[in-house]
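Data first, discussion second: the structure below is written as structure tokens.
Note: hydrogens, waters and symmetry copies are ignored here, and every other heavy atom, side chains too, is used.
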Amino acid sequence: MHRAVQILRELASGGPRLGVTELADRLGVAKPTVHALLRTLEIEGLVGQDRDSSKYQLGPNLVQLGNAYLDTHELRTRSLTWSDALANRTKEAVWVGVLTGDHVLIVHHAFRPEGAVQILEVGASIPWNTCALGKAVVASSPPDVRERLLAGELAVLTGASMTDRKALADQLEEVLKAGYALEDQESAIGDAGIASPVFDRSGEVAGAIGIVGPVERMLGESTRRELAVAVRETARNLSRDLGAPRRAAYAPGA
């Protein structure tokens, strides 16, 4: 089972298609073992083989599994109405994300009410240190989680991505005080983000909700404060909807 999962991860991150030899080299196992695993995964529709190259790629049944995960994810389900309301209030796109390893997985995306064609970002995975969602979640996570992520690899997506561990740790402390996190062109040039943590019924951080948009619209001094209030209030209401205790639903500075 573990090796089958490794194969799926390699196919997800190593390129559109990989052959048996390539996968065997990456996993450090014999080719017959990899081939047997691939045949099983292919029968289940989790991988498919390209007829021309004989290489393997991810299969269509993974989409069904992914959709099932999203459909049963409580934070995503509870966030639908609140995300639409926040998008209408701020006139910006809204993302809801959860921490998976050292990345944030986007589980819901409410489009900006007006503007050009937009790309659905559900399923996107973003390094935690490069986005407001990630900073909001990590700042509110237990100390051991925070320390582990700060000590780990810090991704660089743009020249503004934060890799100074001390500066990032200081920023996380500010997030705790303010109740929201900021991103200034750290994952994409020209884009900014404002996000607040969301808590569940146990009082633990469940994820984050935030807005994303052009930096010139998001981070002007007066605009930023107004948008931050809207994000923080929405996160607080969403936390209540998830059954969070009052002390958790009210972020510091709220």
Side-chain angles (χ1 to χ4, degrees), residues 69-100 104-115 118 120-124 126 128 131-142 145-146 171-183 191-213 217-254:
Y69 167 77
L70 292 175
D71 290 343
T72 58
H73 197 288
E74 187 176 13
L75 173 59
R76 178 183 184 273
T77 303
R78 297 280 185 178
S79 71
L80 300 182
T81 301
W82 293 112
S83 297
D84 286 343
L86 181 59
N88 287 324
R89 178 176 175 180
T90 62
K91 309 304 181 189
E92 300 294 352
V94 176
W95 288 358
V96 178
V98 296
L99 188 67
T100 58
V104 170
L105 175 67
I106 307 302
V107 297
H108 182 57
H109 176 185
F111 285 140
R112 185 172 68 254
E114 301 173 357
Q118 301 170 66
L120 184 65
E121 298 290 351
V122 172
I126 308 169
W128 78 270
C131 62
L133 291 168
K135 294 176 190 177
V137 174
V138 174
S140 305
S141 295
V145 174
R146 197 162 57 242
Q171 192 176 98
L172 295 181
E173 289 300 321
E174 290 301 315
V175 172
L176 282 176
K177 294 176 184 177
Y180 66 92
L182 297 177
E183 171 211 338
D191 287 348
I194 303 174
S196 288
V198 176
F199 300 90
D200 60 21
R201 61 180 56 86
S202 70
E204 299 294 325
V205 63
I209 187 170
I211 55 177
V212 292
R217 279 208 311 259
M218 299 275 289
L219 298 187
E221 192 63 29
S222 60
T223 305
R224 185 191 69 189
R225 290 198 190 100
E226 183 179 343
L227 294 174
V229 167
V231 170
R232 202 167 53 195
E233 288 179 356
T234 301
R236 181 175 61 194
N237 289 330
L238 178 52
S239 296
R240 287 173 174 170
D241 211 5
L242 287 168
R246 188 178 180 86
R247 59 179 173 77
Y250 283 87

One thing to verify: whether Arg225 and Glu221 come together as a salt bridge, which I'm taking to mean a side-chain N less than 4.0 angstrom from a carboxylate O. yes
What closest approach, in Å, do Ala208 and Val137 show between heavy atoms, and which atom pair accounts for it? CB-CG2, 3.6 Å
Side-chain contact test, heavy atoms from C-beta onward, threshold under 4.5 Å: evaluate it for Leu238 versus Leu75 and give yes or no. yes
Pick one: which of Ile126, Val98, Val96 meets side chain to side chain contact (heavy atoms under 4.5 Å, CB included) with Ile106? Ile126
Using only heavy-atom distances, determine whether the side chains of Trp82 and Asn237 contain a donor-acceptor pair under 3.5 Å. no
For Ala87 against Val94, the heavy-atom pair lying closest together: N-CG2, 3.5 Å
Side chain of Arg146, backbone of Ala139: donor and acceptor closer than 3.5 Å? yes
CD1 of Ile194 to CG of Leu219: how many Å apart, nearest 0.5 Å? 6.0 Å
Shortest non-hydrogen pair, Ser141 vs Val205, comes out as OG-CG1, 3.7 Å
Test Leu172 against Lys135 for side-chain contact (heavy atoms from CB on, under 4.5 Å), laying out the working first. CA-CA 7 Å; Leu172 295 181; Lys135 294 176 190 177; 4.1 Å; yes
Tell me whether Asn88 contacts the main-chain N or O of Lys91 through its side chain, where contact means a donor paired with an acceptor under 3.5 Å. no
Grab the two heavy atoms, one from Pro197 and one from Ala235, that are nearest each other, plus how far apart they are. O-CB, 3.4 Å
Euclidean distance, Arg217 CZ relative to Glu92 CD, rounded to 0.5 Å: 4.0 Å
Roughly how far apart are Leu242 CG and Ser79 OG, rounded to 0.5 Å? 8.5 Å
Take Thr234 and Ser196 through the test side-chain contact (heavy atoms from CB on, under 4.5 Å) and record every step on the way to the result. CA-CA 9 Å; Thr234 301; Ser196 288; over 6 Å; no
Point-to-point distance, once rounded to the nearest 0.5 Å, from CH2 of Trp95 to NE2 of His108: 13.0 Å
Measure the CZ-OH distance between Arg224 and Tyr180 for me, rounded to the nearest 0.5 Å. 5.0 Å
Shortest non-hydrogen contact from Ala244 toward Phe199: CB-O, 3.5 Å
Shortest non-hydrogen separation from Gly134 to Val104 and the atoms involved: CA-CG2, 3.4 Å
What distance do Thr90 atom OG1 and Ile211 atom CD1 have between them, rounded to the nearest 0.5 Å? 4.5 Å
